[in-house]
Amino acid sequence: MPAQGSLIYSLVARGTVVLAEYTEFSGNFPTIAVQCLQKLPTTTNRFTYNCDGHTFNYLVEKGYTYCVVAVESAGRELPIAFLERIKDDFVKKYAAGKGKTAGAKSLSKEFGPKMKEQMRYCVSHPEEISKIAKVKAQVSEVKGVMMENIEKVLERGEKIELLVDKTDNLRNQAQDFKKQGTKLKKKMWVENMKVKLIVFSIVAALALVVILSICPGFKCF
């Protein structure tokens with residue numbers, strides 16, 4: 001069985017038109033994958049369908065759909081990581097050019113080797129893929145919480161007003177801190193000048209004493 005045995009088949013589509021696909025296996029999974037593709041929502045999102053011990057994983061973004069069929073035991077992180085990687089590769093190379101006009105499966109020969117490469121890489125580096133997936137999941141969770149909190153705030157005017165008040169308070173505190181900092185800076189400058197004047201006076205006095213001891217009444221000059 002090929003090294004990428006847990007990842008069976010992959011495709012990239014514009015809408016419902018398959019632009020590129022890759023597999024080292026035979027079976028009816030390409031047909032099922034395309035049938036699912038036809039029923040996918042067009043909104044940006046991730047979708048997973050289970051079928052007879054396999055998962056059909058889809059990533060929809062900006063008019064393009066990325067799919068990978070995997071054995072169910074591969075879990076969720078590996079297929080999603082693979083989809084993110086081929087999405088990045090495809091967008092960089094085709095999204096602004098060939099991707100907009102390419103015909104059905106016309107990019108398979110050119111992009112297929114990249115899909116194969118990414119399959120092998122993801123399967124061969126499970127620990128790295130797992131770490132990256134966990135970090136991305138945490139970031140996504142934080143974004144979700146932030147959006148939820150903002151929506152809750154927008155539902156009630158009093159919360160918005162409270163936030164504005166807090167912002168004003170913070171601004172006033174910052175201005176007060178700036179004023180205090182300016183005053184402190186001036187005070188330290190004055191103190192510093194006083195010290196310099198005292199030191200200068202002491203040095204001048206000592207120099208005068210030395211001169212007078214060597215040349216009483218300045219008769220040496």
Side-chain angles (χ1 to χ4, degrees), residues 1-137 139-140 143:
M1 181 175 286
Q4 69 273 24
S6 56
L7 300 178
I8 307 298
Y9 168 78
S10 179
L11 68 79
V12 178
R14 182 187 65 244
T16 58
V17 179
V18 177
L19 303 179
E21 62 178 355
Y22 173 78
T23 186
E24 289 188 8
F25 299 84
S26 59
N28 66 343
F29 43 83
T31 302
I32 297 173
V34 172
Q35 288 175 351
C36 292
L37 175 66
Q38 312 253 344
K39 298 182 180 296
L40 283 178
T42 57
T43 54
T44 298
N45 211 334
R46 296 187 181 95
F47 306 91
T48 298
Y49 301 94
N50 296 319
C51 179
D52 194 23
H54 293 77
T55 58
F56 289 71
N57 306 271
Y58 296 85
L59 170 60
V60 182
E61 187 171 307
K62 296 181 180 178
Y64 294 96
T65 301
Y66 311 87
C67 168
V68 64
V69 180
V71 295
E72 201 165 18
S73 59
R76 290 279 291 140
E77 291 180 352
L78 184 64
I80 293 301
F82 169 77
L83 292 178
E84 290 285 353
R85 295 176 75 89
I86 63 166
K87 180 201 73 174
D88 292 342
D89 288 338
F90 186 86
V91 168
K92 288 177 184 177
K93 194 167 186 179
Y94 302 112
K98 286 185 180 180
K100 295 181 178 180
T101 57
K105 300 183 181 180
S106 62
L107 299 179
S108 291
K109 185 176 180 180
E110 190 175 343
F111 195 63
K114 175 58 70 174
M115 299 165 90
K116 176 182 178 180
E117 177 187 327
Q118 292 293 12
M119 279 185 176
R120 292 184 182 276
Y121 184 87
C122 290
V123 173
S124 302
H125 299 80
E127 292 183 1
E128 178 185 344
I129 295 301
S130 179
K131 289 179 181 179
I132 295 174
K134 287 178 181 178
V135 171
K136 288 188 175 181
V139 172
S140 298
K143 287 182 178 178

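We count residues from 1, following the sequence as given. All figures in this text were calculated on a predicted structure; none of them were measured in a lab.
Looking at every heavy atom in both residues, Ala81 comes nearest to Cys122 through C-SG, 4.4 Å. The shortest non-hydrogen separation linking Thr65 to Tyr58 is CG2-CD2, 3.8 Å. Across all their heavy atoms, Cys67 and Ala33 have their closest contact at SG-CB, 4.3 Å. Among all heavy-atom pairs drawn from Val68 and Leu7, the shortest one is CG2-CD2, 4.0 Å.
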Derivation of the side-chain contact (heavy atoms from CB on, under 4.5 Å) call for Ile86 and Ser10: CA-CA 10 Å; Ile86 63 166; Ser10 179; 3.6 Å; yes

Leu59 vs Ile80, side-chain contact (heavy atoms from CB on, under 4.5 Å): CA-CA, chis, key distance, verdict: CA-CA 8 Å; Leu59 170 60; Ile80 293 301; over 6 Å; no

List the steps and the verdict of side-chain contact (heavy atoms from CB on, under 4.5 Å) for Lys93 and Glu110. CA-CA 11 Å; Lys93 194 167 186 179; Glu110 190 175 343; 3.6 Å; yes

In sequence, state the C-alpha distance, the side-chain angles, and the governing distance for Tyr49 and Leu40, and then conclude on side-chain contact (heavy atoms from CB on, under 4.5 Å). CA-CA 11 Å; Tyr49 301 94; Leu40 283 178; 3.4 Å; yes

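In this pair, His125 and Tyr121 present their aromatic rings parallel. The plane angle is below 30°, not in the 30 to 60° band.
Salt bridge absent: Arg120 and Glu117 never bring a charged side-chain N and a carboxylate O closer than 4.0 Å.
Residues Leu19 and Phe90 meet the side-chain proximity criterion, which asks for heavy atoms closer than 4.5 Å. Side-chain contact check for Leu107 versus Val12: every heavy-atom pair is 4.5 Å or farther apart. By the 4.5 Å heavy-atom criterion applied to side chains, Val91 and Tyr64 are not counted as neighbours. In this structure, the side chains of Val60 and Thr44 stay at 4.5 Å or more apart for every pair of heavy atoms.
Note that OG of Ser124 is 12.5 Å distant from CE of Met119, once rounded to the nearest 0.5 Å. Distance CD/Glu84 to CD/Gln118: 11.5 Å, rounded to 0.5 Å. Separating the CG atom in Leu11 from the CE atom in Met115 is a distance of 6.5 Å, to the nearest 0.5 Å.
Applying the side chain to side chain donor-acceptor pair (under 3.5 Å) test to Thr48 and every residue at least two apart in sequence or in another chain returns Asn57, Arg76.
For the pair Ser6 (side chain) and Val71 (backbone), a donor-acceptor distance under 3.5 Å is absent. The backbone N or O of Gly99 lies less than 3.5 Å from a partner atom in the side chain of Arg14, making a donor-acceptor pair.
Under a cut-off of 6.0 angstrom, the local environment of NZ in Lys105 is sparse, with at most 12 non-hydrogen atoms contributed by other residues, nucleotides or ligands.
Sorted by first and then second residue, the ring-ring contact (aromatic ring centres under 6.0 Å, His included) pairs involving residues 27-46 (not counting sequence neighbours) are Tyr9-Phe29.
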